[in-house]
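Structure first, then comments.
Residue numbers count from 1 along this sequence. Hydrogens, waters and symmetry mates play no part in the numbers below; they use all other heavy atoms, side chains included.
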Amino acid sequence: MSHINKKVPKRRFQEFNNTDDWEQRVLGENAVIKGRLGWKSLKQEEYRQDGPSMIAGKHIKKGEIDWRKVDHIPIWRYEESPEIKLENGDVIFSKDGSLGNPALITNLREMATINSTMMLVRTNNTIDSEFFYQIMTSDIFKKLVYIKVSGSSIPHLFQSDMKNFQFHSPTVEEQQKIGIFLKQLDNTIALHQRKLEKVKALKTAYLSEMFPAEGETKPKRRFAGFTDDWQEHKLGDLSEIVRGASPRPINDMKWFSDNSDVGWLRISDVTEQSGRIIYLQQKLSVAGQMKTRVLREPHLLLSIAATVGKPVVNYVNTGVHDGFLIFLAPLFDLEYMFQWLEMFKPNWQKYGQSGSQINLNSELVRNHKIFIPTIKEQQKIGTFFKQLDKTITLHQRKLKKLQNIKKAYLNEMFI
């Protein structure tokens with residue numbers, strides 16, 4: 001192969017610093033690329049409880065195949081397309097709709113194939129399969145996906161696209177070193193992802209057990225020492241519930257000022273900060289503050305637009321958009337009610353009409369009845385869940401940090 005267009009990445013392992021530059025390669029010259037052609041989808045009655053596995057994009061999450069959820073097909077369906085029988089080292093990915101989402105086949109212990117929305121790449125001895133899988137998670141491959149997505153209403157990757165896909169690679173020895181390093185990083189990320197999911201699942205379980213279920217007056221699980229009955233109240237009897245306000249027109253820049261100490265709360269801030277607002281990028285001018293409700297102490301809020309039913313607590317000076325309700329002068333522990341609203345969030349859906357947006361207004365919220373315990377028990381419950389939230393946040397930050405490290409390495413270790 002010609003040695004034109006040689007390059008080197010920004011970061012290399014020390015033992016390869018003085019070795020040959022990376023060469024530009026065309027995937028079709030270094031791999032077999034296959035997909036199902038002219039294949040009719042299975043009828044519902046053809047699926048099996050067991051038998052050869054058939055993998056689709058929905059079965060792949062963060063590079064791993066969820067073998068518990070894959071479809072199973074008759075053996076004759078598996079045998080009719082021998083060219084796409086999966087082998088260890090194959091890289092598979094979606095070629096229709098949501099493009100990419102690759103997985104590397106390792107430790108294959110059963111007969112498996114791909115469905116008609118998938119494609120496989122089987123590299124030869126010039127390209128390490130783990131190295132190529134990592135390329136498919138990098139911006140190098142994402143550029144190809146972006147071109148296909150932006151150029152078509154129904155995104156599709158053809159085999160010709162993949163055969164012409166170009167990338168740079170070093171010797172196989174260096175490829176293997178890179179692949180092993182990034183795989184170990186992926187394993188660390190997956191470990192922290194599992195820890196995060198475990199704590200989130202634990203919180204979900206506690207939420208369901210430490211607040212009364214619908215039709216119940218007491219929860220299944222309580223802290224020792226608390227035996228009093230929970231009392232029924234309307235939310236409107238426990239707090240003065242008012243709606244936020246927004247200056248109009250909302251895009252007029254006179255309402256905003258970078259020099260202000262009052263932030264402007266938007267739905268995007270809520271989703272980014274999991275409902276606990278510790279910073280607000282956009283600031284309200286004095287004129288803007290006159291057109292909204294400004295909170296200078298922590299308050300409980302509830303979103304009634306976009307992400308409906310999401311509870312919020314502001315820990316900074318905040319101007320409240322009219323897409324939120326504010327709980328003023330509360331007769332409850334703020335943290336307790338924040339957690340109750342988090343638990344109850346899916347139930348607000350019943351206030352919406354089929355096929356329409358949810359109409360969650362202040363009167364509906366005021367009239368909603370709940371059972372609550374004494375303030376002392378509320379505080380105990382609130383403290384418990386707040387500590388769980390802190391643990392979740394720590395795992396999220398660690399995971400995000402590792403993901404950013406991986407992204408940086410992908411940018412620096414590939415060309």
Side-chain angles (χ1 to χ4, degrees), residues 233-353 356-370 372 382 386 389:
H233 295 275
K234 289 182 180 180
L235 285 174
D237 294 335
L238 297 171
S239 176
E240 179 187 353
I241 300 174
V242 299
R243 188 170 183 174
S246 300
R248 293 286 189 265
I250 194 64
N251 57 354
D252 192 329
M253 294 310 298
K254 71 181 180 183
W255 308 128
F256 305 101
S257 170
D258 292 338
N259 299 321
S260 174
D261 70 336
V262 177
W264 177 235
L265 179 64
R266 297 166 295 178
I267 293 296
S268 58
D269 298 307
V270 175
T271 54
E272 288 172 5
Q273 300 178 59
S274 299
R276 296 186 186 274
I277 307 303
I278 58 174
Y279 66 89
L280 292 167
Q281 186 173 3
Q282 196 168 20
K283 308 292 185 179
L284 285 172
S285 66
V286 173
Q289 293 172 42
M290 299 295 290
K291 296 291 185 178
T292 186
R293 293 182 184 269
V294 176
L295 304 177
R296 294 190 179 273
E297 294 179 356
H299 280 75
L300 179 65
L301 300 90
L302 185 68
S303 65
I304 57 172
T307 308
V308 173
K310 176 67 179 175
V312 181
V313 176
N314 66 299
Y315 297 97
V316 294
N317 296 337
T318 303
V320 183
H321 187 284
D322 60 12
F324 297 91
L325 297 180
I326 309 168
F327 292 76
L328 299 175
L331 300 177
F332 51 73
D333 178 71
L334 185 148
E335 186 62 37
Y336 168 87
M337 193 59 72
F338 175 85
Q339 300 294 344
W340 182 87
L341 288 168
E342 188 69 46
M343 177 277 299
F344 193 76
K345 178 183 173 183
N347 294 280
W348 294 120
Q349 301 289 331
K350 67 184 179 183
Y351 291 114
Q353 300 298 318
S356 67
Q357 283 193 326
I358 298 170
N359 181 22
L360 188 58
N361 59 43
S362 55
E363 200 60 31
L364 284 169
V365 176
R366 288 190 194 102
N367 289 326
H368 186 78
K369 296 178 180 180
I370 67 169
I372 63 170
K386 189 170 185 178
D389 283 348

inquiry  = Check whether T318 reaches the backbone of L295 with its side chain - one donor and one acceptor, N or O, closer than 3.5 Å.
reply    = no
query = Under the side chain to side chain donor-acceptor pair (under 3.5 Å) rule, what pairs show up with a residue in residues 300-310, not counting sequence neighbours?
reply = K310-E342
query = Given the rule in the side-chain contact (heavy atoms from CB on, under 4.5 Å) test, do D322 and R248 qualify, once you have shown the distances and angles that lead to the verdict?
reply = CA-CA 11 Å; D322 60 12; R248 293 286 189 265; 2.8 Å; yes
query = Of L280, L301, D269, which meets side chain to side chain contact (heavy atoms under 4.5 Å, CB included) against N314?
reply = L301
message = Distance check, rounded to the nearest 0.5 Å: L238 atom CG versus K369 atom NZ?
response = 12.5 Å
task = Please name the pair of heavy atoms, one in I241 and one in R366, separated by the smallest distance, quoted to 0.1 Å.
result = O-NH2, 2.7 Å
Minimal non-hydrogen separation, P247 against G288, with atom names = CG-O, 4.5 Å
note = CD of E240 to CG of L331, rounded to nearest 0.5 Å, is 11.0 Å
key: Interatomic distance, H368 atom NE2 to H233 atom NE2 [nearest 0.5 angstrom]   = 13.5 Å
note = Heavy-atom closest pair (I250 atom, S246 atom, distance to 0.1 Å) is CD1-CB, 4.3 Å
request  = Please lay out, stage by stage, how L235 and M337 fare under the test side-chain contact (heavy atoms from CB on, under 4.5 Å).
outcome  = CA-CA 10 Å; L235 285 174; M337 193 59 72; 4.1 Å; yes
ask   = Parallel under 30°, tilted from 30 to 60°, perpendicular over 60°: which one fits the rings of F332 and F327?
value = perpendicular
inquiry  = Please report the interatomic distance CD1(I304) to CG(N361), rounded to the nearest 0.5 Å.
reply    = 7.5 Å
Minimum-distance pair of heavy atoms, taken over all atoms of R276 and F338 = NH2-CE2, 3.6 Å
ask   = Below 6.0 angstrom between ring centroids: does that apply to Y336 and W340?
value = no
key: Interatomic distance, S239 atom OG to L300 atom CG [nearest 0.5 angstrom]   = 7.5 Å
ask   = Can any side-chain N or O of D252 pair as donor or acceptor with the backbone N or O of P249 at less than 3.5 Å?
value = no
Side chain to side chain donor-acceptor pair (under 3.5 Å) contacts touching residues 283-295 (sequence neighbours left out) = S260-Q289
request  = Take F344 and I370, measure what side-chain contact (heavy atoms from CB on, under 4.5 Å) needs, and give me the verdict at the end.
outcome  = CA-CA 10 Å; F344 193 76; I370 67 169; over 6 Å; no
key: Q282 side, atom CD; L265 side, atom CG - distance, nearest 0.5 Å   = 11.0 Å
query = Counting distance only, does the side-chain N/O of R243 pair as donor-acceptor with the main-chain N or O of S362 below 3.5 Å?
reply = no
